[in-house]
2 protein chains.
Amino acid sequence: MEQKLPAAFAQLLDTMRRLEEHYRDMQDIEFTVEDNELYLLQTRSAKRTAAAAVKAAVEMAEEGLITREDAVARIDPTQLEQLLHPMIDPTADWEVATKGLNASPGAACGAIVLDADTAEQRGKAGESVILVRWETTPDDIHGLIQAAGILTAHGGMTSHAAVVARGMGKPCVAGCEGLSIDIDARTITVGDRTLPEGDPLTIDGGTGAVIVGKVPLVAPEVNDDLETILAWGDQHRTLKVRANADTPEDAEKAREFGAEGIGLCRTEHMFMADDRLPVVREMILADGEEGRRRALDKLLPMQQGDFEAIFEAMAGLPVTIRLLDPPLHEFLPPPEQVTDERTRRRIRQLQESNPMLGTRGCRLGLQWPEIYEMQVRAIVRAARAVDERTGEPPLVEIMHPLVGFEEELRRLRELTLRIAEEEAPAVEYLCGTMIELPRACIRADEIAEQADFFSFGTNDLTQTALGFSRDDAEGKFLTHYLEDGVLEQNPFETLDIDGVGDLMRIAVERGRSTKPDLKLGICGEHGGEPKSVAFCHELGLDYVSCSPYRVPVARLAAAQAALAATGVVAYAAAGG
Amino acid sequence: MEQKLPAAFAQLLDTMRRLEEHYRDMQDIEFTVEDNELYLLQTRSAKRTAAAAVKAAVEMAEEGLITREDAVARIDPTQLEQLLHPMIDPTADWEVATKGLNASPGAACGAIVLDADTAEQRGKAGESVILVRWETTPDDIHGLIQAAGILTAHGGMTSHAAVVARGMGKPCVAGCEGLSIDIDARTITVGDRTLPEGDPLTIDGGTGAVIVGKVPLVAPEVNDDLETILAWGDQHRTLKVRANADTPEDAEKAREFGAEGIGLCRTEHMFMADDRLPVVREMILADGEEGRRRALDKLLPMQQGDFEAIFEAMAGLPVTIRLLDPPLHEFLPPPEQVTDERTRRRIRQLQESNPMLGTRGCRLGLQWPEIYEMQVRAIVRAARAVDERTGEPPLVEIMHPLVGFEEELRRLRELTLRIAEEEAPAVEYLCGTMIELPRACIRADEIAEQADFFSFGTNDLTQTALGFSRDDAEGKFLTHYLEDGVLEQNPFETLDIDGVGDLMRIAVERGRSTKPDLKLGICGEHGGEPKSVAFCHELGLDYVSCSPYRVPVARLAAAQAALAATGVVAYAAAGG
């Protein structure tokens, strides 16, 4: 072009320079030349990978072409997630057995399971499993939730497995033609290898690779450019970012990513571990309080150990521990697997029509106070032990789930204070509540009387405010709603700001009318979703809490929200 | 006394007259006489049966001792329920086989069933059943809900069966020692008669009588005194009172009791009838839209017939018809009773973790529009037919259930208008929605754009706002809460005014901000509970709707609320 149309070429170069200066970003330009005259058809900021976008933004800021704030504002936080999934260790030695579609990024490794029920059962028991199916259907949702990764023989990038896996941020290889499944023999064949159910398998949803055996994975790391951007953003961010973490490993990962505390530590995951589950079942099946207390006494030192490890990993940062939340029947085996009549009867007794709205959360602690007493005891003993050992007292926050009435929290606060006073009067802690029921939002003024902090549980608040059971909605009527345009967004991914968000606004106003300095956070999965983070900034929350891998996303989104609100930048990728 | 202490006696008579004039009610007086001097210890209005109280109030008003308004205000509406249960026909010939405790008033007659599952199944299929058990436990709740009456061998007036039955307004004879049950043989023995499961039995929960066979019942009737009081009250009442009625018989009963329309006609009950269920199942199990439409075409004339009969029974009064609400799996048999694999698969496919929050309500109509199209078609055809036949056009209100988003109702309104225009352009009707999700309350301003009326479904609104599954709460954690004083009232009986009521208040404000003349009603069971009725008056609703037998209760409570609000009386029994 330079030779054939020199005038137009010079004009193009000049225009390109002016456009990039004007938009302060690399441009994709469409143009045509007629009669030696340059006609610009379209220009827009160039599409790039997240890594390239971050690198370009840092370089442009360092060259003084844009401000640091502009650099922070222009990175799309959603795109960052690409960088933040576990990958196969590049130094490991492995061979691809077969390949499928790279349907949802990240690598996973676990035991092969061939049906959703088995996936659910082994997954809930703490095992890492890969669900391998011809294709998945909405019936498999309970298995998909528990699987570490998903592999299907059939279906494309918009197949059920692929869509659901991306929604859940879970690795998936779909439409893998080199895979066959013999459901009667309980084996699969990948390439030329036949493997029984239970054997280890690794998949890479970013490349579509399927690998026989266990391959070491590396956790994602934040690169220097991203560190730079996040650090620039942190200077403006007012919303703290914590992580949801149940283990010391998760806690360490969260710290690496810049988490400023744990916003949700779910104690039930500790109840599910192989060595605990028999004791938990003993507690549930006990005939009376005495039997329950005997089993709880055995659990106490185990829970205390868990908490000590987490407190040490998070030294100097706050840790919010939620007391037992799920209905007890979740800890019991399916009745058809039980032989003795007494256990079967107890299982039936605990079964519920709508467990989501049943005997769970603080209702457990009010009906069987000895359970929460044990947990509070384990927490304050752990805090004292860590303080004595390290000289640094942990910042403990004890959180009661599913509170809807002030009286519930009043009683549980009393229980908490009593046990803490008995065990370790010197230990300092906060006592607060999840806000995850519409009634709790509406009566937030009363509930705040009993609470040092609120943490919005927007997963359950979405379920109750909208009347959507997540298990029954995703992959079922909600998928239909999204396909058909009844809803534009999945309210379990992006906060329903008009509905759930308005309930939160009511709760913030009423809660702070009672206690102006009430500490407010969010620990639903929305805490790591950029638009929802922007809304939390607007609401004036103190922190968001999300899964460790999404902490950088939340940091960036929170920084953008602050920049947009103060007018430092005209536009931020996350909105806000 | 007249002879021994004449002075004190004369003084007592005088005092009694003055007290009754002052309190304008019969008094229970405690007194003592010392040294010929009368000392009054206590005085209070006398306790009486509902019938006596009504009679006394009418007489005192007619004697001019109190005003008619005072007469209306002093009757406790809750007590009225005594007068309003079905009774054994006094002209019938029958023999008491045995007697138990009169644990919950009213008479019932139906087939003996020996377990809750059978009760649920046969009850849901439309059969009247008496659940006969040694005692009931919270596990039996699904059976208690479906049973017409309950008979237990064991337990007193505060046994599970008795408490639950009274809560549900269902006849119950408890602790019947003359009853034995042979669960293996599937027989019961009452007195000296042994009866197999399925045989008819009659119980009278008002007297404790147990009668072999079917005895004719008479529906309760309003006596003249009550009619008088209610008529006096009606002159002040501003809140209309409608009834929830699904059949022409219920509709007629409701009219007799003074109902001013039907506030909730549930179409699913029409789907449950013996001759319909096979067709409904055919529709659910159909492979695609075409198969569904074929089955729906068969249901159409049946539904049309139902509606015609109800419209005729309610001539001149409004009838609100709610389109299909329950999840489809409620119409299918339990999977273990199904032999063919295809049906079993479909049943499994439709099973849900939390059916209360699943694919039900308007989600059905949006996913399978042909179902709602058939129902709208049946409604408008019935309206046209009745108009042509009687010359009086029915006042039709078409109601969409479980709406949470404006877009849902926008689409369903469009469907409704389209079908009505196709079928009978001259038929007039309103198109509105249930408000039974917290999100619907919060976004009432938007939803009102698409609605001619709102009807608060406070049963489901209580379930979602509080996160209480009624099936799992009553007899389980909620019973514990009530026993232990965490809650003072069962929120399914008396509206949770602070929580659910505040959501209603938000919905009223926001709904009327869009449409100042938006018609507002309530059709949850609270619509017949006096305190809740008083609250509805305060909120400015247009009507309450409740079960036919509670219409007089609601009329009285609404009158008292109006009197109390205008200051005509200083005190009303229902509060308000």
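In what follows, every chain begins at residue 1, and chains take the letters A, B, ... in the order their sequences are listed.
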Legend entry - Per-residue contact mode, R443(A) against chain B (heavy atom under 4.5 angstrom): side chain
Legend entry - Working for side chain to side chain contact (heavy atoms under 4.5 Å, CB included), residues L366(A) and D484(B): CA-CA 9 Å; L366(A) 286 162; D484(B) 208 36; over 6 Å; no
Legend entry - Which atoms of Q351(A) approach chain B - backbone, side chain, both or neither, heavy atom under 4.5 Å: backbone
Legend entry - For D460(A), the option from R360(A), R470(A), R322(A) that meets salt bridge (charged side-chain N to carboxylate O under 4.0 Å, His left out): R360(A)
Legend entry - Part of L402(B) within contact of chain A (heavy atom distance under 4.5 Å): neither
Inset, instruction - List the steps, then state whether salt bridge (Lys or Arg N to Asp or Glu O under 4.0 Å) holds for R346(B) with D287(B). - result: CA-CA 10 Å; R346(B) 181 74 177 136; D287(B) 264 333; over 6 Å; no
Legend entry - Whether F492(A) and F468(A) hold their rings parallel, tilted or perpendicular, with breakpoints at 30° and 60°: tilted
Inset, instruction - Quick one: pull up CD1 in I435(B) and CZ in F454(B) and give me the separation to the nearest 0.5 Å. - result: 4.0 Å
Legend entry - Choice from E408(A), M356(A), R411(A) maximising heavy atom contacts with chain B below 4.5 Å: R411(A)
Legend entry - Residue L364(B) versus chain A: region with a heavy atom under 4.5 Å: neither
Inset, instruction - Against chain A, label F405(B) side chain, backbone, both or neither, depending on which of its atoms sit under 4.5 Å from a heavy atom there. - result: side chain
Inset, instruction - Could you grab the distance from atom CG of D445(A) to atom CZ of R512(A), nearest 0.5 Å is fine? - result: 14.5 Å
Inset, instruction - With a 4.5 Å cut-off on heavy-atom pairs, point out which of R363(B), Q463(B), H142(B) contacts chain A the most. - result: R363(B)
Inset, instruction - Quick one: which of C441(B), G404(B), P355(B) has the most heavy-atom pairs under 4.5 Å with chain A, could you say? - result: P355(B)
Inset, instruction - Supply the atom-to-atom distance L324(B) CG to F331(B) CZ, rounded to the nearest 0.5 angstrom. - result: 5.0 Å
Inset, instruction - For chain B, find which of L487(A), V500(A), D498(A) contributes the most heavy-atom pairs closer than 4.5 angstrom. - result: D498(A)
